[in-house]
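Small disclaimer: the values here were computed from a predicted structure and weren't measured.
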Amino acid sequence: MTSVADKEREKRLVVLFLIAVVCALVIVGRLWYLMLARGEYYARLADGNRIRQLRLLPARGEIRDRHGQVLVRSKSAFTVSVVPGGLPEDGHRVRELLGSILGLTDEELVEAIEKGQGFPYEPVRIQRDVEPETVIAIEENRINLPGIFIEEEPVREYLHGGLAAHVLGYLGVISASELQAYGPTYRGSDLVGKSGIERTYEELLRGEIGALTVEVNALSRPIRTVNVLEPVPGHNIILTLDARLQKVAEEAFAEHILTLEDNPGTQTGAVLVMNPKTGEILVMASVPGYNPDVLNDQSRRNEYYSALISDPRLPLFNRATQALYGPGSTFKPITALAILEEGILGPKARFNATGVSQYGVKDWVINLGLAPFGLIDLNDALGMSSNHYFADNGTKVGIDRLSTWMEALGFGQPTGLKLYPPEASGIVPSREWKRNAFRDRPTSEQNWYPTDTEQISIGQGFHQMTLLQLAQAYAAIANRGQIYTPQIVKEIEAPDGTVVFRAEPELAREIDVKPSTWDALLEALRAPITHPRGTARGVMGDFPIPIAGKTGTWEVAGSISNGLFVGFAPVDDPEILVAVIVEKGGGGSSTATPIARKIFDAYFGLDGDGDAE
């Protein structure tokens, strides 16, 4: 007979058995959940902790000049990267140690690491092109720096400092808007082109991303390569620029402004040299410039960039394509074209230049207390730069026809040059333009008056244009009406050397003008150099090759005038056109023309330094 104690013992055994069964079921269920239901998820997590997929950045394509001289290339360097998912939960100590090695604050590190949000096991580039000492310091502290990688990747190298900086451009960390625009192959810590060719051809220069899959240990040190997908280098861009001529232009500008009387060496401006028959740009210089190689150096970048954007001379601003200027007397050949084509006055017809126009415009000789020019023809008028001649006869043409001719020559619209930032459009003044521009003023100020036309005719009015537009208008004269789209890229070369693009001259439009008008205008444009009182004779008079050109002075209210010169050679078969503007330099004869002369000398091999183009 079973005792009460035995029954109690049996109950306890049953309870223990049931507890054991339940525990076993819980363990089995949990194993089933972890291994089967959520097996793939946890396997991925495990691989995430053990496997790293490193993006292999390709070597960015080279940028060369028209003769093959390398201006920008990529070199191999060490980069410090952080894998956010590899950091401990409290990453403050890691950041503190890493920051002390890299010279970064905790806030700067946190901001950099946050750029990798959404990709916890992909490296985020923190500092590029680090010194070997930095690499050694990180490796020595490897045990205290989990999640930190040293990668070897290409970085940009600008071989000639600031030469042609506004054409070449520079790199910077990708912005949120750029990240969205460029697509999924880019990451938040990537460098992209910010201006110039680097920006305009970003995706071609960049190449195709590769991948390196590695197994790492607990210290995030790679222990085994799992797979490699090699990156594809970027395309090479061959420019129309001539690096030697570019250097001559930049040095000529820098040296000449040191000789000016007012605030020597502080003047800003631009130089543009092109082949008028093809539209190829041989030189594009904007002063002051900057050094993109310093912007590429992370240790100096922030301080240097801050200095650039706070500089009142705006070094990052491309004055050849973005700045808008008044043309001064360099506009008079356009007025002359209108006078001839509209039948106002023939090229040999005599005009009595008494020195003061109908509405008060004066010749420069009158302002100097000298005798007026008297009876002059078109050659005399352009050679001596008579305001009276062009003011009176330009008014007879009228603003409506003058505006039409300006538009035909390309003013008031982009030239079509493919370069970032986009070029400015400028202003073609007209009756409608003035009504709109002065709509908030009394009606009397909105109306167009003959005195407005006089100012336009001599180049001192409302019109605003880029140096590139002015150069293109002179190219139309040099080409007897043919206007070619300006080009800065000559060829694009695939990584294997295959030329995938080769630029051809692109005729933008042709102006319908009588041959006799071109003959007269080209002859008259020789006068500033050959006329006994020619405004460019002192600088260009002894040039051995026939050259056509015009000086100009743009009067700036309350400030020193801007000096300009535009010219081309040889006159009968032009192959080079030079346009120069010196802001706050004074008269074009003494400021811009000497710079242009050095460029012409260098191009034709008359400077004793190298062969002619």
Item to check | Non-neighbouring partners of E407 that pass salt bridge (Lys or Arg N to Asp or Glu O under 4.0 Å), sequence neighbours left out | outcome: none
Checklist entry - Is any side-chain heavy atom of W518 closer than 4.5 Å to a side-chain heavy atom of V513? => result yes
Checklist outcome for this item: With sequence neighbours left out, the residues meeting salt bridge (Lys or Arg N to Asp or Glu O under 4.0 Å) with E423 are none
Next on the checklist: Under the criterion salt bridge (charged side-chain N to carboxylate O under 4.0 Å, His left out), I'd like the reasoning laid out for R55 against D190: C-alpha separation, chi angles, the key distance, then a yes or no.
Outcome noted: CA-CA 11 Å; R55 290 192 313 147; D190 284 356; 2.5 Å; yes
For residues 247-254, which side-chain donor-acceptor pairs fall under 3.5 Å, sequence neighbours excluded?
residue : atom : partner : partner atom : Å
E250    : OE2  : A164    : N            : 2.9
E250    : OE2  : Q246    : NE2          : 2.8

Checklist entry - Is it the case that R206 places NZ or CZ above or below the six-membered ring of Y186, under 6.0 angstrom from the centre and within 45 degrees of the axis? => result yes
Checklist entry - Less than 4.5 Å apart, any side-chain heavy atom of E151 and any of R125? => result yes
Checklist entry - Quick one: does F331's side chain get under 4.5 Å of I458's, heavy atoms only? => result no
Item to check | Under the salt bridge (Lys or Arg N to Asp or Glu O under 4.0 Å) test, residues paired with R480 that sit two or more places apart | outcome: D519
Item to check | Residue pair T517 / E341, side-chain donor-acceptor N/O under 3.5 Å | outcome: yes
Next on the checklist: Quick check on side chain to side chain contact (heavy atoms under 4.5 Å, CB included): which of L205, V500, V499, T498 does I492 satisfy it with?
Outcome noted: V500
Checklist outcome for this item: Residues pairing under side-chain hydrogen bond (donor to acceptor under 3.5 Å, both in side chains) where one sits in residues 329-340, two or more places apart or in two chains, turn out to be S329-K332, S329-S385, K332-S385, K332-N387
Checklist entry - Partners of Y290 by ring-ring contact (aromatic ring centres under 6.0 Å, His included), sequence neighbours excluded? => result H166, Y170
Checklist entry - Side chains of H463 and F411: closer than 4.5 Å at any heavy-atom pair? => result no
Checklist entry - Is the closest side-chain heavy-atom distance between I483 and E506 below 4.5 Å? => result no
Checklist entry - Are any of the side-chain heavy atoms of T466 and Y325 separated by less than 4.5 Å? => result no
Checklist entry - Less than 4.0 Å between a side-chain N and a carboxylate O, is that true for D400 and R431? => result yes
Item to check | Derivation of the salt bridge (charged side-chain N to carboxylate O under 4.0 Å, His left out) call for E491 and R64 | outcome: CA-CA 10 Å; E491 291 179 351; R64 308 174 191 145; over 6 Å; no
Next on the checklist: Quick check: do E575 and Y603 have side-chain heavy atoms less than 4.5 Å from each other?
Outcome noted: yes
Checklist entry - Any side-chain heavy atom of D65 within less than 4.5 Å of one from L71? => result yes
